[in-house]
Amino acid sequence: MGTILNINTPRDYDLARDVCSYGYFLLAPNHWDVPRSRMLRVLELDDGPSACTITQLDSGKLRARFDRALSRTEQAHARTQITRMLSLDTSAKDVRAFHRVDPRWKRDGRARLFRSPTLFEDVIKTVTSCNVTWPSTVHMNTRICEVCGRKAVSGARGFPTPKKLARIKPGTLRARCRVGYRDTRIVELAKLFAKGSVDVEWLETKATDEEAFTFLLTLPGIGPYAAGNIMQLMGRYSRLALDTESIRHAKSVLGMDGTDAQLYKQLGAHYEPFGEHKFRAYWFELWDFYESKAGPAHQWERDATASVFTASNLNARS
DNA sequence: GGTAGACCTGGACGC
DNA sequence: GCGTCCAGGTCTACC
C-alpha cells in the first residue's frame, strides 16, 4: 500500500491556479489532469522513484498519494520537493506584499509560480527552452524523461537526477532526446550539480540577487535570459527574463515601438516601479494574455496546447 | 563593449 | 517526398 501525505498550505492556496501558473507545468514528467484537477508526476526519492498524485481537499490542505510506501526520510524529502514545486513556501504575507505593489492580481490571488521539485530540473528545463520553439521544449523534456528517467512502480518515469544525466553520453542525448547542440552543456551542468560544484542552498537562500545572477552566468549554456529565468524559479523576482516573447508582448500588448535593444530598455523601465516583484508583474501580464487566447490555463492539455505558444502563432493571433 | 555568425531542431512552405 | 527557409538564446571570434 502506498503512502499518503497530508500537506498544510497557506490559507489562500489554490492548486489549479498555482500549478497552472508557469509553462513548466506542461513539461514532462509533470502532468496536470484537467478533468480531475490534480497534479501527477514521479518524484526521485532515496529508495527510487515514486509516482505521486496531488489533490486539494475541501479544507484547502493537499493530499499527496504515492504508489509505494515511503520511509520517514523519503516522506520528508517528498514534502520538501512538493513545497518547492508548488511554491508553498510563498507565504500569504509575501502574496500581500506583491499585491500591494501590483493590485491587478489581488482579485484572483495570483502570486505563486509553478516550478520543479529541484533547482537542477529547473536549470535543465530552462536550457531546453532556449533557442527553440515551445513544441520542441515539450518534446525534449518528454524524451529526456523517457530515455534517462527512472521508472516508478506505476510505470511512469521521472526526471533524471544529476548523477544519472552526468553519466549519459552527449551523443545519446542528441540522438535520442533531440537536444541538438545543448547535449554537452546539459551533461556538463549535470556533472557540476552531481559533484556539488553548485551550492544550491547558497544560491537559493543565502546569496544576494546580484551574487546569484553572476554565478548563474558562469554555468554552461546559461546566458542573460536563462539566468534571469532561473532567478525567478528560485523565488527571486527582482529581475526580468527577457526573450522574443517579451518583444512580442512589448509591441502587441504594451504598444511599444523600436528596435529589440530599444524595446528591452523600455521594458526594463516599464517594470522598474514593481521593484523586487517585477518578474511577477511582467509574467502575470504575459500569462493573462495567453489565457485570453487559449482559455484558462487549468484547462490546457499539454499536447493540444504546445503548438499555440510560439511567437509566430501568438503574433498572428494577437 | 558591440556585432556577426555558428550552433541544432522542427515546422511551414513551395515545388 | 524533398529542399529551403525561419525562429529561438548562447557562445566565440573578431573589430
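Sequence lines set the chain letters: A, B, ... in the order given, protein chains first and strands last, and positions in each chain run from 1.
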A/H139 vs B/dG10: side-chain N/O to OP1/OP2 distance below 4.0 Å: yes

Distance test, side-chain N/O of A/T244 to OP1/OP2 of C/dG9, below 4.0 Å: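 So the side chain of A/T244 is within the cut-off, an N or O lying under 4.0 Å from OP1 or OP2 of C/dG9.
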
Nucleotide N/O of nucleotides 1-8 of chain B paired with protein N/O under 3.5 Å:
{"from": "B/dC8", "atom 1": "OP1", "to": "A/R174", "atom 2": "NH1", "distance (Å)": "3.0"}
{"from": "B/dC8", "atom 1": "OP1", "to": "A/R174", "atom 2": "NH2", "distance (Å)": "2.7"}
{"from": "B/dC8", "atom 1": "O5'", "to": "A/R174", "atom 2": "NH1", "distance (Å)": "3.4"}

Assess whether atom [atom1] of [X] is packed by more than 12 heavy atoms of other residues, nucleotides or ligands within 6.0 Å.
X: A/R65; atom1: CZ; value: no
X: A/N6; atom1: CG; value: yes
X: A/E276; atom1: CD; value: no

Distance check needed: [N] [atom2] versus [X] [atom1], whole Å only.
X: A/L242; N: C/dG8; atom1: CG; atom2: C1'; value: 15 Å
X: A/M140; N: C/dG8; atom1: CE; atom2: P; value: 14 Å
X: A/R176; N: B/dT9; atom1: CZ; atom2: C1'; value: 18 Å
X: A/D260; N: C/dA7; atom1: CG; atom2: C1'; value: 13 Å
X: A/R248; N: C/dG8; atom1: CZ; atom2: C1'; value: 15 Å

A/L217 reachable from A/L119 in the ILVMFWY side-chain graph, under 4.5 Å edges: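 Same cluster.
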
A/F213-A/F215 co-clustered via ILVMFWY side chain contacts under 4.5 Å: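 Result: yes, single cluster for both.
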
side-chain hydrogen bond (donor to acceptor under 3.5 Å, both in side chains), paired with A/D183, selected from A/R174, A/R178, A/K169: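 Only match with A/D183 under side-chain hydrogen bond (donor to acceptor under 3.5 Å, both in side chains): A/R174.
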
Identified side chain to side chain contact (heavy atoms under 4.5 Å, CB included) partner of A/M234 from the options A/V200, A/L216, A/N229, A/T205: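 Of the listed options, the one satisfying the test is A/L216.
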
Presence of salt bridge, A/R115 and A/D122, under 4.0 angstrom: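 Not counted as a salt bridge, because no side-chain N and carboxylate O are separated by less than 4.0 Å.
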
Salt-bridge present (A/E245, A/R248; N to O < 4.0 Å):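 Salt bridge flag = yes for A/R248 with A/E245.
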
Divergence of helical axes at both termini of the helix from B/dG1-C/dC15 to B/dC15-C/dG1 - five pairs an end, 10° steps: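 Inter-axis angle at the termini of the helix from B/dG1-C/dC15 to B/dC15-C/dG1: 40°.
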
For DNA chain C, the residues among residues 217-228 of chain A that have a non-hydrogen atom under 4.0 Å from it: A/L219, A/P220, A/G221, A/I222, A/G223, A/P224, A/Y225, A/A226

Geometric cation-pi criterion, A/R239 with A/F279: 6.0 Å, 45°: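 Because its charged atom misses either the 6.0 Å distance or the 45° angle limit, A/R239 does not stack over A/F279.
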
